[in-house]
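What follows is one structure encoded as structure tokens, with my remarks underneath.
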Amino acid sequence: MAAFLPPRGMRDFYPEEYRLRETIFTAWRDAARTHGFESYDAPVVESMELLERKAGEEISEQIYTFQDKSGRRLALRGELTPSLARMINARQRELAFPLKWSAIVQCFRYERMTRGRKREHYQWNLDIVGEESVMAEAEVICTAVDALQRLGFSCSDLQVRVGSRALLGELFALCGLVPEQYSACFLVLDKRGKIADEEIASLLADAGISKSRIGPILDMTSIRTLEEAQSRAGASSRAISDLRELFTVAEPMGFRDDLVFDISIVRGLGYYTGIVFEAFDTGRKLRAVFGGGRYDNLLSLLGGDRMPCVGLGFGDVVVAELLAECGKTPRTSPRVDCAVGFMDAASRDIAMRVAACARQSGRECDTTLAPEKAKVFFKRANRIGAQHAIFIGPDEAATGRIHVKNMATGVQVECSIEGLAASLSAGKDQDTDSTDGHQ
RNA sequence: GUGGGUGUAGUUCAGUUGGUUAGAACGCCAGAUUGUGGAUCUGGAGGUCGAGGGUUCAAAUCCCUCCAUCCACCCCA
């Protein structure tokens with residue numbers, strides 16, 4: 001038994017797991033780049049003060065906190081948004097808005113673990129800062145759906161459920177609530193279906209909401225369609241027209257089929273102000289794969305000018321589970337263009353020359369570090385996924401003629417060291433010709 | 001934090017009412033093949049049975065404590 005394990009909730013990535021992680025990261029990066037997002041990064045350690053300024057959350061219980069040797073109160077970030085807000089605020093006069101930023105960062109959370117939830121995960125963040133219109137929501141969702149497609153998912157696997165805090169706010173106002181009471185109502189509605197209505201009623205009462213209004217609030221969760229919502233909110237509802245516009249533009253953007261209106265989506269984070277959304281697997285067996293929404297007040301809350309923002313967070317843990325659940329986990333194996341080995345000390349320098357030659361021609365090349373038997377070398381070459389294997393023994397060292405073995409076909413061709421690049425290319429063409437003909 | 005499950009080889013797991021030297025598969029190593037991988041065959045290595053304590057002539061097995069881990073709830077990225 002291993003004496004040491006990773007700290008609770010933390011993960012090691014062995015090469016096999018690392019390859020899966022890279023597959024996910026690549027889908028994220030490619031989708032972001034394809035949609036014109038710029039990459040950025042921020043420190044994994046932030047000041048507690050920044051995190052605490054983010055209203056309405058009992059953070060310090062749930063994040064890793066510590067003091068540095070000067071007594072500064074610091075924390076491992078639990079999410080990237082406060083750092084983003086800090087960065088934007090610091091250069092609010094110089095940045096050109098709207099801007100579209102993407103980052104893949106590791107976030108930490110000190111909490112109990114369950115399925116799909118560790119104490120650390122990698123999260124892809126997409127944010128659009130400085131855009132008032134619902135095009136910002138459309139663009140981040142479209143980009144996230146793009147990434148899902150790159151991983152092999154289709155709209156039959158996932159649904160993006162869209163709600164709106166702005167809509168709920170309008171409906172609350174019609175019930176006679178004041179804005180200060182909204183956030184308590186959001187949290188309570190989020191619990192609808194999880195706890196009994198009587199408990200919800202008493203929670204609302206605790207928030208200072210009079211009895212006569214509790215019924216109408218609970219009743220809101222029975223709204224199923226946008227039309228129904230409109231009939232309550234009224235024809236002039238800004239929230240409804242935003243939602244309608246999102247669904248409309250999703251059509252030409254290609255993700256209309258993934259969208260579903262769901263008034264019960266409110267999200268746990270306190271800073272959301274408008275449209276909010278979460279993507280779930282169709283079977284609803286797992287947690288949200290990604291989620292996000294509009295947070296127009298966070299930057300001003302942290303000392304900047306008011307700035308409309310839309311953000312999206314997409315974690316690696318749940319999507320990996322969903323890949324497994326759907327049988328779509330890509331089968332990855334190690335791969336390298338060629339491997340070079342040598343039989344004895346006298347052959348070493350020729351082998352290294354051959355390897356250098358291969359690398360100069362742009363090939364990936366693994367080399368044996370010590371003399372080994374041919375059998376051991378070829379076995380290892382096979383294991384590391386070498387497409388070609390070149391074994392140097394006394395004969396090759398003496399004549400300068402080397403044998404390039406195509407590991408897929410077993411065919412071995414002889415060439416000079418200078419002719420190596422050509423042989424590797426020839427073998428490569430052969431490989432692709434011999435496959436099913438794709439690409 | 002609550003409830004339940006599980007801890008045996010590198011991995012996944014068997015292991016009978018407590019009873020002799022704890023097994024299998026896969027993986028690993030070696031040989032068959034002294035310069036050629038994947039397939040096959042043969043052999044080998046590898047275990048303080050999660051830790052500590054208790055009951056017993058005898059504990060992987062029963063009891064207690066702790067630790068780890070998984071699932072559900074709670075909470076949330």
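Computation of the quantities below employed the complete heavy-atom set of this structure, encompassing side-chain atoms and omitting hydrogens, waters and symmetry-equivalent molecules. Note that this is a predicted model, so its numbers are computed, not measured.
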Which whole-number value in Å describes the distance from [X] [atom1] to [N] [atom2]?
X	N	atom1	atom2	value
K405(A)	G38(B)	NZ	C1'	10 Å
E321(A)	C70(B)	CD	P	11 Å
E414(A)	U36(B)	CD	P	17 Å
M10(A)	U69(B)	CE	C1'	16 Å
N382(A)	G27(B)	CG	P	13 Å
Q412(A)	G37(B)	CD	C1'	11 Å
R380(A)	G38(B)	CZ	P	15 Å
Y110(A)	G1(B)	OH	C1'	12 Å

[X] has a side chain; which of [options] sits nearest to it?
X	options	result
F391(A)	G35(B), G38(B), A30(B)	G35(B)
D395(A)	G37(B), C75(B), G35(B)	G35(B)
K375(A)	C29(B), U33(B), G35(B)	U33(B)
R383(A)	A30(B), G38(B), C29(B)	C29(B)

Set out, in order, the CA-CA distance, both residues' side-chain angles and the distance that settles side-chain contact (heavy atoms from CB on, under 4.5 Å) for V266(A) and Y272(A), then state yes or no. CA-CA 8 Å; V266(A) 297; Y272(A) 289 114; over 6 Å; no

Same-atom distance ([atom1]) from [N] to [M], integer angstrom:
N	M	atom1	result
A59(B)	G3(B)	P	32 Å
G53(B)	U16(B)	C1'	27 Å
C28(B)	G38(B)	C1'	16 Å
C73(B)	A60(B)	C1'	33 Å
C75(B)	G18(B)	P	44 Å
A51(B)	G10(B)	P	13 Å
U61(B)	A22(B)	P	15 Å
G46(B)	U40(B)	P	25 Å

Sugar-phosphate, base or nothing in reach of [X], heavy atoms under 4.0 Å:
X	answer
G291(A)	nothing
H121(A)	base
R267(A)	sugar-phosphate

Would you say the side chains of T34(A) and R29(A) form a donor-acceptor pair under 3.5 Å?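 Distance-only check fails for T34(A) and R29(A).
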
Do R161(A) and R284(A) have side chains that get closer than 4.5 Å, going by heavy atoms?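 SC-SC contact between R161(A) and R284(A) confirmed.
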
Are any of the side-chain heavy atoms of E120(A) and R11(A) separated by less than 4.5 Å?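 When only atoms from C-beta onward are counted, R11(A) and E120(A) do touch, with a gap below 4.5 Å.
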
Salt bridge or not between [X] and [Y]? Use side-chain N to carboxylate O under 4.0 Å.
X	Y	value
E278(A)	R267(A)	yes
E132(A)	R306(A)	yes
D146(A)	R150(A)	yes

Distance check: side-chain N/O of K373(A) vs OP1/OP2 of G31(B), anything under 4.0 Å?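 True: K373(A) side-chain N/O within range (under 4.0 Å) of G31(B) OP1/OP2.
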
Is the base of G35(B) touched by the side chain of E396(A) through a donor-acceptor pair closer than 3.5 angstrom?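 Such a pair exists between side chain and base.
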
Both A386(A) and V376(A) contact RNA chain B. Which one's nearest nucleotide lies toward the 5' end?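 Whichever sits nearer the 5' end wins; that is V376(A).
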
So, is the end of the K405(A) side chain (NZ or CZ) under 6.0 Å from the ring centre of F391(A) and within 45° of the ring's axis?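 No - K405(A) does not lie over the ring of F391(A) by the 6.0 Å and 45° rule.
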
Kindly confirm or rule out a cation-pi arrangement of R21(A) over Y122(A), judged by NZ or CZ under 6.0 Å from the six-membered ring centre and within 45° of its axis?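 Yes, R21(A) sits over the ring of Y122(A).
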
Dot-bracket encoding per residue of RNA chain B, Watson-Crick/G-U cut-off under 3.5 Å, | denoting interstrand: (((((((..((((.....[...)))).(((((.......))))).....(((((..]....))))))))))))....

